[in-house]
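Have a look at the structure below before the remarks.
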There are 2 protein chains.
Amino acid sequence: MSHYKLALLGFGNVGRALAELLLRKQDELKSNYDITFSVVAIGTGRRGFAVQPEGLDLSAVIEALQNGKTLAEFSAVPVTDAFDLIRKSGADVLFENTPVDYETGQPAIDHVKLAFEHGMHVSTANKGTVVHAYHELKSLAAQKDRQFFHESTVMDGAPIFSLFRSALPGAQLKSFKAVLNSTTNLILTRMESGESFDEAMRYAQQIGIAETDPSGDVDGWDAAIKIAALVTVLMDKPLKPAEIDRTGIRAITPKMVQDAKAQGKRYKLVCTAERHGETVRGKVAPELVPVSSPMYGLEGTTSIIQFSTDVLGELTLIENDPGPQTTAYGLLADFLNAVR
Amino acid sequence: MSHYKLALLGFGNVGRALAELLLRKQDELKSNYDITFSVVAIGTGRRGFAVQPEGLDLSAVIEALQNGKTLAEFSAVPVTDAFDLIRKSGADVLFENTPVDYETGQPAIDHVKLAFEHGMHVSTANKGTVVHAYHELKSLAAQKDRQFFHESTVMDGAPIFSLFRSALPGAQLKSFKAVLNSTTNLILTRMESGESFDEAMRYAQQIGIAETDPSGDVDGWDAAIKIAALVTVLMDKPLKPAEIDRTGIRAITPKMVQDAKAQGKRYKLVCTAERHGETVRGKVAPELVPVSSPMYGLEGTTSIIQFSTDVLGELTLIENDPGPQTTAYGLLADFLNAVR
């Protein structure tokens, strides 16, 4: 039986879903993997920090936060900030789930670095770390014989990175094609039923899928960041979001969507990346998708990626209706893959 | 640098594709995995056997077989049969690709057992071994600290078994839904264009997809065997093909197919398996698939599987246009996963 001390930094929807998943899977990890764990540190954005070497009572922490309390009462020692939490936690594994800064990837990158200095494995759902510092963090992790895993940064918990890492040895990724942004998918679907772009966008905002400032989604930035993360890791070419040829969906009119529908096609905001010799070209743009494509039937938050390799032809993965629970699973899988 | 001695038993389309893939990937395995190999034994169905401790010249063997020669001239020692080959090969890894016997799984099962006795890892594309002896072979392999891998037994080289083994730790498979038989898929597609069942079947036979006796495909036996293999491994419940509720496509008429088309639906021969308490129920039967399903657009030999787990909702894999090359990749992946 191996025991691991876990630190959860970031306790939004994903962090809380991870805490709940850990509770739910506790007995299974013990019986199937000979793994036990205690959560020795939790850091929140606005409710403070708790470090408890004996292990926190996760259910009590979740309840306290739901009741609007802070974490101070749970902490064995005073904790001033996230860095202080990492230093004092004594954890074996850090789950880094603080909010993403798309410009710099900070402070998440520094959190991850500090965790390696203290000998921890790191699992993160924070895309900024991969886009801005993947190769540096991988190399720091290797120096400490630790793992830097980030399954949940793209397509939630679907096993994209671990697929290539462990299930497809000897395969070379030549190109991929994907639909990775659900807001634009929802807007385009609503426009098929006759709504204008603005109406469809307001609907997406009302149900909480689109942000108040929707430009990250509708101008293709979110998709570009995901392409950058995938290319950086899976094709081993650092590519920045700004280097991606990017067209959003603002120019798509209801008439275009209706005409496409009449031809049996649908618009999707399609991400592509292709090797050309030593370089990789990334692109995001609206494309007409025919009914024969598995992209055609895509609804809601469902995402799809089609990998072209030198050994398997085309391999497609579809993740249906993901949410914070599936993102949390990606983090759990990273943990198990790092330690087993 | 680690060196491995490989034995290839069975040298039909898949065995030859594996030999060609090994040649093509030789330099990559050396530079990316620090792995070198030599093929020390090859066994064919009708062209004899060769054991060569110094390593066979693969290109020369392929050419000799293409020119109608036997393998005797390549062998350093006399070899009487497959068992003799395994005993004398001195190999570290056996690739078992002899023809499948659906009734008994033999002699492939005995080949695999003998390989374990001689301390080899085994990779096989032979479904009979999994359906008839999976748990026994797994346990024998474990006793010898060797691996028994079989990625290519279902969906060619697509990473189905390795996905659950290595990329989805802690996930429980609750059910799956799949289209795994290409002959029936082709026949149903042709019937949509107005052909009768018999006409469509004759076409499938002409292009070499369907067997002279097509009952294995059209009565759902091939699909049932694949369901049995998947349930046995991924749900850890030994299930025999005869235990699967099985309906083929003979009762589907052109009128039914046309009516479905008029409603925007297509018939597919769908495989399902579902946990019910401690048991698993398997079923293969024609189903009407709507346009919103990724099964709808399926053409040719493309296959699809939709996994329902307790942690990811639904995860779908599609393998486009597989062939002997992709089956060969599954065998190569097994080898790398066994030794790295």
Side-chain angles (χ1 to χ4, degrees), chain A residues 21 24-25 28-29 32-33 35 151 155-172 264 290-299 302 304 306 308-323 325-326 328-330 332-337 339-340, chain B residues 21 24-25 28-29 32-33 35 151 155-172 264 290-299 302 304 306 308-323 325-326 328-330 332-337 339-340:
Chain A
L21 182 63
R24 178 157 77 82
K25 286 282 179 180
E28 244 177 274
L29 297 191
N32 298 347
Y33 293 90
I35 284 176
E151 191 58 84
M155 275 179 82
D156 312 272
I160 302 300
F161 297 111
S162 59
L163 185 79
F164 278 86
R165 201 170 63 226
S166 61
L168 292 176
Q172 281 186 8
V291 72
S292 58
S293 164
M295 289 185 178
Y296 183 90
L298 227 62
E299 303 280 357
T302 297
I304 182 169
Q306 302 182 284
S308 221
T309 66
D310 66 331
V311 285
L312 271 187
E314 196 176 85
L315 183 71
T316 301
L317 264 85
I318 305 173
E319 188 186 28
N320 259 64
D321 290 331
Q325 288 77 12
T326 52
Y329 170 68
L332 176 70
D334 279 349
F335 161 43
L336 296 175
N337 283 327
V339 302
R340 68 173 173 162
Chain B
L21 182 63
R24 177 157 78 82
K25 286 281 178 181
E28 244 177 272
L29 297 190
N32 298 347
Y33 294 90
I35 283 176
E151 191 57 85
M155 276 179 82
D156 312 273
I160 302 300
F161 296 111
S162 59
L163 185 78
F164 278 87
R165 200 171 61 225
S166 61
L168 292 176
Q172 281 185 7
V291 72
S292 57
S293 164
M295 288 185 178
Y296 183 89
L298 227 63
E299 303 280 355
T302 297
I304 182 168
Q306 303 181 285
S308 224
T309 66
D310 66 331
V311 285
L312 271 187
E314 196 176 85
L315 183 71
T316 302
L317 264 86
I318 306 173
E319 188 186 28
N320 260 63
D321 291 330
Q325 287 77 12
T326 52
Y329 169 68
L332 176 71
D334 280 348
F335 161 42
L336 296 175
N337 282 328
V339 303
R340 70 172 173 163

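Chain letters run A, B, ... following the sequence lines, proteins first and then strands; every chain starts at 1.
- When heavy atoms are compared at a cutoff of 4.5 Å, A/L298 does not approach chain B at all.
- Between chain B and the residues A/T326, A/N337, A/L312, the most heavy-atom pairs under 4.5 angstrom are made by A/L312.
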(request) Walk me through it: do B/T316 and A/I304 pass the test side-chain contact (heavy atoms from CB on, under 4.5 Å)? (result) CA-CA 9 Å; B/T316 302; A/I304 182 169; over 6 Å; no

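- For the residue pair A/V311 and B/K25, the shortest heavy atom distance occurs at CG1-CE, 3.7 Å.
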What pairs of donor and acceptor atoms, side-chain ones from residues 155-169 of chain B against any protein atom, are under 3.5 angstrom apart with sequence neighbours left out?
| unit_1 | atom_1 | unit_2 | atom_2 | d |
| --- | --- | --- | --- | --- |
| B/D156 | OD1 | B/T327 | OG1 | 3.3 |
| B/S162 | OG | B/E151 | OE1 | 3.0 |
| B/S166 | OG | A/S166 | OG | 3.2 |
| B/S166 | OG | B/S162 | O | 2.7 |

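- Of the listed residues (B/Q325, B/E299, B/R340), the one with the most heavy-atom contacts under 4.5 Å to chain A is B/R340.
- Residue A/I318 holds its CD1 atom at 9.0 Å from CG of B/L315, rounded to the nearest 0.5 Å.
- For B/A171, the parts lying under 4.5 angstrom from a heavy atom of chain A are both the backbone and the side chain.
- Residue B/I35: no heavy atom, backbone or side chain, is found under 4.5 Å from chain A.
- When each of B/D321, B/T302, B/N320 is paired with A/E314, the side-chain contact (heavy atoms from CB on, under 4.5 Å) condition holds for B/N320 and for no other.
- Under the side-chain contact (heavy atoms from CB on, under 4.5 Å) criterion, B/N32 pairs with B/E28, sequence neighbours left out.
- No part of A/L332 comes within reach of chain B, as not one of its non-hydrogen atoms sits under 4.5 angstrom from that chain.
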(request) List the steps, then state whether side-chain contact (heavy atoms from CB on, under 4.5 Å) holds for B/L317 with A/L317. (result) CA-CA 5 Å; B/L317 264 86; A/L317 264 85; 4.2 Å; yes

